[in-house]
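What follows is a short report on a single structure.
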Amino acid sequence: MISVNEAVARIARGLTRLSSESVMVAEAAGRVLAEDAVARLDHPPTPMSAMDGYAVRRADARAGAEFSIIGEAPAGRPFPGRIGEGQAVRIFTGGVVPEGADAVVIQEDTVPLASNDGVVLKVRITETPYPDENVRPRGLDFRKGEILLPRGHRISPRDVALIAAGDLAKVSVIRKPCVALVATGDELSRPGEPRKDGGIVASSIYALQAMVRQWGGEAIDAGILPDRPEAFAALPEATKNADLVVTQGGASVGDHDLVQSALKPFGFTLDFWRIAMRPGKPLIFGRLRDTPFIGLPGNPVSAMVCAVLFIQPAIAAMLGMTYEPPIVKARLGSALRANGRRQDYIRTRLVRHGGILTAEPFAL
C-alpha cells in the first residue's frame, strides 16, 4: 500500500495540462485562464463624474460663487465644448467631465438662481469642492496593457465583469477535461427503471458527474457495465476521446471485482493499486491505452471520498492549476479510536459551540 500523499502526487505526475481554446466572455465563468487577461483600454477611458451635479473649474469654485450653466453631460453624451471662468456644465453620474473642469459639485451643494421652463440657467454653490472631487480619473481602475487576471486563474462571475470592462470579447482558457464515468455491477439499474432482484439504484455515479462539473471538467456518462469480462471489451474504444476514464466498482479482489483483469487484454497498464486509507483502499490508477485511468471503489461513500482526494487534483492538473486540499480546521467533538496503518476519513457534522467550530463524528 502507498500513502494518500504519494497517490495524489503520482496521479498529478501522470496528467498534463490540456490545450487551450477561446471562449466568449459570457461563457467564461468557471473556466481557467490559459493566458493572462490583459486590458485593451484605460478604465475609465476618460475622467468621469461619480455623482450628479455640476462640473466646474476648481480655481473659481468657492462657497458662494455663482456659475452660468452652458450645457449638460449625461452618461454617453459628452459636452462638446470647454468650461471657462464662471461657467458650469450640468453633469450626471457616468458623464464625461468636460475639458477645463476639474471638480464636480454635487447637486445638493447648489442653489438654483435662474431657470427657464424648468431648465436651470445659473447656480450658486454652497460648499467649496476640493481638487478632483467626485471625479473618477482616467485609468483609475486599470490601464491599457495591465494584467487584469493571471494565467491559471479560475474565472468567477465578478471576474467576468472585469474582463468585459477591459474590452475583451474573448479569453483563452484551458479546455475542459473530458472525464468518462463508468459504473460497474450486475446489481445496478438506472433511477426510474425496473430493479433487478437484489439490485439497487446506481446513485453515486450521478454525484461523481456533478463533482466533475463543479471542479471544472466535462462529465461523460459512459454507461453501466455488468460484471462480465466481455462487457469491458468496448470500453477502450468508447472512451478513446476522454482525457480521464473513471470506473466505479470492481476495484477490489473479490470474484466479481474484475476491472484490472478485464481491461488488461485491451491495453490497461497499472501504476498503483491500494492506498493506506479507510474507506477507499482498493483504488486503481493506471492507463487505458494512452488515457489516464482511475478505478474507484463501488461503495458510494468510498467513491466520493476518493473523488475528493484523487479526481479533484487530477482535474486540477489537467487545468494547469495547483491543487489545494479542501481542509477546514475544527476542534474534535468526541474521542476517536487510535489510528491504524491507514488514514481514516470519517463522516462528521460541523457545528459551532460557543463560537468554536467543532467536528462531531457520526456514530461508527
Side-chain angles (χ1 to χ4, degrees), residues 22-30 36-149 155-171:
S22 182
V23 298
M24 301 299 294
V25 64
E27 306 299 324
D36 295 340
V38 179
R40 299 179 63 241
L41 47 62
D42 296 339
H43 194 275
T46 60
M48 291 185 170
S49 178
M51 303 288 285
D52 291 350
Y54 295 89
V56 298
R57 299 194 325 166
R58 170 68 174 73
D60 49 29
R62 299 175 302 279
E66 298 179 2
F67 294 85
S68 298
I69 311 305
I70 62 171
E72 68 175 20
R77 286 196 284 126
F79 176 72
R82 180 183 179 88
I83 288 181
E85 182 178 356
Q87 294 178 330
V89 165
R90 179 78 167 106
I91 197 166
F92 300 87
T93 302
V96 174
V97 176
E99 189 177 351
D102 55 5
V104 172
V105 179
I106 62 173
Q107 184 172 322
E108 294 86 343
D109 290 342
T110 65
V111 177
L113 299 178
S115 62
N116 181 20
D117 291 333
V119 178
V120 177
L121 302 176
K122 196 170 186 178
V123 295
R124 178 188 300 122
I125 65 172
T126 59
E127 297 288 339
T128 302
Y130 55 79
D132 297 319
E133 182 169 6
N134 300 316
V135 174
R136 299 181 65 238
R138 177 175 179 168
L140 174 65
D141 297 326
F142 51 78
R143 289 285 188 178
K144 180 179 179 179
E146 184 177 337
I147 295 176
L148 302 176
L149 297 165
I155 300 169
S156 70
R158 182 177 62 183
D159 296 331
V160 171
L162 178 62
I163 292 168
D167 198 30
L168 297 168
K170 295 181 177 182
V171 287

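Here, residue 1 is the first one in the sequence, and each next residue gets the next number. None of the values given here were measured: they were computed from a predicted structure.
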Quick one: [atom1] on [X] to [atom2] on [Y], what's the gap to the nearest 0.5 Å?
X	Y	atom1	atom2	answer
R124	L113	CZ	CG	4.5 Å
E108	T110	CD	OG1	8.0 Å
I83	D60	CD1	CG	9.5 Å
T46	R136	OG1	CZ	10.0 Å

Test: [X] and [Y] ion pair at under 4.0 Å:
X	Y	value
K144	D167	no
E99	R82	yes
D102	R58	no

With side chains defined as the heavy atoms from C-beta onward, is the minimum distance between E127 and V105 less than 4.5 Å?
no

Quick one, V97 with I91, criterion side-chain contact (heavy atoms from CB on, under 4.5 Å). Give me CA distance, side-chain angles, the key distance, then yes/no.
CA-CA 8 Å; V97 176; I91 197 166; 4.3 Å; yes

Say whether, by atom type as modelled, one donor and one acceptor occur between the side chain of Q87 and the main chain of G84 under 3.5 angstrom.
yes

Give a yes or no answer on whether the side chain of R138 reaches the backbone of P45 with a donor-acceptor pair at less than 3.5 Å.
yes

Any idea which heavy atoms bring [X] and [Y] closest together, and the distance?
X	Y	answer
A55	P98	CB-CD, 3.6 Å
I125	P129	CD1-CD, 4.2 Å
N134	V104	ND2-O, 2.9 Å
A73	V89	N-CG1, 3.8 Å
G166	L148	CA-CD1, 3.9 Å
R62	A59	NH1-O, 3.7 Å

Name of the residue among D109, V111, I69, V56 meeting side-chain contact (heavy atoms from CB on, under 4.5 Å) with V123:
I69

Does R143 CZ have over 12 foreign heavy atoms under 6.0 Å away?
yes

If you count heavy atoms of other groups shown closer than 6.0 angstrom to CD of E27, is the number above 12?
no

Report the C-alpha distance between F142 and L162 in whole Å, list the side-chain angles of each, state the deciding distance to 0.1 Å, and finish with yes or no for side-chain contact (heavy atoms from CB on, under 4.5 Å).
CA-CA 10 Å; F142 51 78; L162 178 62; 3.8 Å; yes

Tell me whether the guanidinium CZ or amine NZ of R90 lies under 6.0 angstrom from the six-membered ring centre of Y54 and within 45° of its axis.
yes

side-chain contact (heavy atoms from CB on, under 4.5 Å) evaluation trace for V25 with V171
CA-CA 7 Å; V25 64; V171 287; 5.8 Å; no

Among residues at least two apart in sequence or on other chains, which ones pass ring pair (Phe, Tyr, Trp, His ring centres under 6.0 Å) with F79?
none

For D36, which residues count as a salt bridge (charged side-chain N to carboxylate O under 4.0 Å, His left out) partner, sequence neighbours excluded?
none

